[in-house]
2 protein chains.
Amino acid sequence: MLIKTYKNISCSNCQSKSHSLIENLNSEELNNLEQNRGCSFYKKSDYLFLEGSYPRGVYCLNHGKVKVFTRGNEGKEQIIHIAKPGEIIGFRAMLSGDPYLVSAETIEECAVCFISKDEFFKMMDSNSEFRNDIIKGLSKELGERAVSITDMAQKSVRERLAVGLLQLKEIYGTEPINLSREDLANFVGTATETLIRLLKEFKNEGIIETQTRKVIILKSDKLHQLAGK
Amino acid sequence: MLIKTYKNISCSNCQSKSHSLIENLNSEELNNLEQNRGCSFYKKSDYLFLEGSYPRGVYCLNHGKVKVFTRGNEGKEQIIHIAKPGEIIGFRAMLSGDPYLVSAETIEECAVCFISKDEFFKMMDSNSEFRNDIIKGLSKELGERAVSITDMAQKSVRERLAVGLLQLKEIYGTEPINLSREDLANFVGTATETLIRLLKEFKNEGIIETQTRKVIILKSDKLHQLAGK
DNA sequence: AAGTTAACATGATTTTAATCACTTTTCTTA
DNA sequence: TAAGAAAAGTGATTAAAATCATGTTAACTT
């Protein structure tokens with residue numbers, strides 16, 4: 001699946017470092033990391049890891065987007081998170097010691113660095129700032145997921161789409177949101193047909209614009225309103 | 001709200017210690033903890049803390065049950081977790097540095113010890129085993145919540161009730177499940193009326209038995225089946 | 001123990017969103 | 001660049017669960 005292995009991305013100069021947990025490593029640690037990690041290109045729809053398998057390390061996303069999802073009853077995906085450059089993916093399972101509960105798959109071409117379990121734990125042990133960032137990250141995400149559970153249980157699909165689009169705006173920044181309708185539906189937690197119909201409504205209401213599959217948000221304020229609080 | 005302050009529960013001899021994160025503290029640390037924590041009785045429906053406020057420490061549950069919940073759109077509660085003796089409540093917000101995203105309220109008479117922020121962080125810093133347990137706990141919970149999100153998004157209310165009852169069985173052990181219909185509905189994520197109707201169905205199918213508000217599970221295997229996987 | 005309140009329960013109705021069946025558009029790649 | 005495949009979109013129908021209205025039982029309170 002993997003196109004090419006390369007060693008030419010430097011951690012010290014990684015353009016995603018500043019929004020990454022590795023930003024608090026000192027230059028010695030960064031150099032060491034650079035020696036001990038492997039980097040790979042992945043094309044679209046490649047897996048980083050699969051639900052049920054055991055983690056052997058973590059993945060640091062340099063370029064591209066990765067969807068993290070579980071599979072429910074009839075194999076339907078529920079997208080839990082969409083990772084953007086700088087993010088470390090898959091450390092949860094490694095820290096808990098369990099097999100992955102989620103799968104990770106690229107949704108565009110990606111450059112990803114692999115940091116082995118040993119290396120990762122070494123960094124956790126030796127650098128308390130890094131460790132605290134990991135702990136903070138876990139805690140923050142845990143809080144966010146409590147909100148997601150509530151949203152899933154209580155909000156209508158329309159409200160959830162508004163919430164979801166706002167989250168995706170944070171992830172995609174100024175670029176248009178570039179997800180398949182099916183992925184978008186699996187992120188919002190609805191049927192693809194329902195999602196398409198709602199997108200059309202939002203479009204008619206002037207809230208969004210679509211360029212074939214791409215979605216551009218025109219009125220964030222309106223989405224906030226629709227999202228309810 | 002608090003009936004009585006007491007100092008007579010010893011951490012070293014706490015009957016809930018063995019299923020608690022404090023079990024890996026050494027005797028010196030336990031003695032120190034004992035000097036620096038305050039214990040209180042709470043009656044039913046008392047708050048430990050409220051969504052939006054800032055954490056000043058964590059709560060260690062010695063006796064009783066506590067519901068942890070968020071409030072959705074129209075103030076409807078979504079119960080995220082029901083804590084049982086031994087559990088430390090409210091450390092997530094303390095670790096992330098944010099205000100509480102959830103509220104915690106007793107659902108029966110409780111004995112609760114309070115450990116200050118300073119004290120808690122001191123233990124985290126000095127005892128790596130304790131710290132690792134905290135990290136593992138956070139990670140495990142994070143995984144569980146990914147599953148909850150998927151369940152909320154994809155399972156029917158009937159399936160979710162089956163899942164919920166099985167979870168409650170783990171929490172209540174051999175005792176009957178003792179929750180109001182409303183709390184049970186807010187745990188499963190449905191309307192109270194719907195919950196009541198489904199409980200009746202389960203009762204007619206011989207899966208559960210009810211004693212006024214209490215629920216006794218008769219056929220766990222059947223619930224596993226209904227829960228879907 | 002009687003009265004009051006809150007929790008539990010049921011029936012009828014409406015709403016939301018899933019499902020099924022099918023068409024059209026867009027992307028791939030031979 | 002034409003053919004095939006995959007993704008996007010539409011319409012009709014069904015199913016699930018929320019909501020509204022109201023009745024009943026249980027549990028406090030004085």
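To find a chain, count down the sequence lines: A is the first, B the second, and so on, and within it residues start at 1.
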Kindly say if B:Lys200 contacts the phosphate of C:dT10, meaning a side-chain N or O under 4.0 Å from OP1 or OP2.
-> yes
In B/S/- notation (B base, S sugar-phosphate only, - none; protein heavy atoms under 4.0 Å), nucleotides 13-21 of chain C written 5' to 3' is ----SBBB-
Check the interface with nucleotides 3-8 of chain C: list each N/O to N/O pair with the protein under 3.5 Å, or write none.
residue	atom	partner	partner atom	Å
C:dC8	OP2	B:Arg181	N	3.1

Those residues at least two apart in sequence (or on a different chain) that pass side chain to side chain donor-acceptor pair (under 3.5 Å) with A:Lys203 are A:Thr210
Any residue meeting side-chain contact (heavy atoms from CB on, under 4.5 Å) with B:Cys14, in chain and number order, not counting sequence neighbours = B:Ser16, B:Lys17, B:Asn62
Contacts table for residues 192-201 of chain B: side-chain donor-acceptor under 3.5 angstrom, sequence neighbours left out:
residue	atom	partner	partner atom	Å
B:Glu201	OE1	B:Arg158	NH1	2.5

Bounded by its outermost nucleotides with an atom under 4.0 Å from a heavy atom of chain A, the footprint on DNA chain D reads D:dA8 to D:dA12
Under the side-chain contact (heavy atoms from CB on, under 4.5 Å) test, which residues partner B:Lys222, sequence neighbours left out?
-> B:Ile207, B:Lys219, B:Gln225
Side chain to side chain donor-acceptor pair (under 3.5 Å) partners for B:Thr70, two or more places apart | A:Thr150
For residues 76-100 of chain A, tabulate all N or O donor-acceptor pairs below 3.5 Å that involve a side-chain atom, not counting sequence neighbours.
residue	atom	partner	partner atom	Å
A:Lys76	NZ	A:Asn186	OD1	3.0
A:Lys76	NZ	A:Thr190	O	3.0
A:Glu77	OE1	A:Lys67	NZ	3.0
A:Gln78	NE2	A:Asn186	O	3.1
A:Gln78	NE2	A:Phe187	O	3.4
A:His81	NE2	A:Glu87	OE1	2.7
A:Glu87	OE2	A:Lys84	N	3.1
A:Arg92	NH1	B:Ser139	O	2.7
A:Ser96	OG	A:Ala93	O	3.4
A:Ser96	OG	A:Asp98	N	3.3
A:Ser96	OG	A:Asp98	OD2	3.0
A:Asp98	OD1	B:Lys140	NZ	3.4
A:Asp98	OD2	B:Lys140	NZ	3.1

Across all chains, not counting sequence neighbours, the side chain to side chain donor-acceptor pair (under 3.5 Å) partners of B:Ser156 are B:Glu159
Among all residues two or more places apart in sequence or in another chain, which pass the side-chain contact (heavy atoms from CB on, under 4.5 Å) test with B:Lys214?
-> B:Pro176, B:Asn178, B:Gln211
Minimum-distance pair of heavy atoms, taken over all atoms of B:Ile134 and B:Phe120 | CD1-CZ, 3.7 Å
For B:Ser180, enumerate each residue passing the side-chain contact (heavy atoms from CB on, under 4.5 Å) test, keeping only those at least two apart in sequence or located in another chain.
-> B:Glu182, B:Asp183, B:Arg213
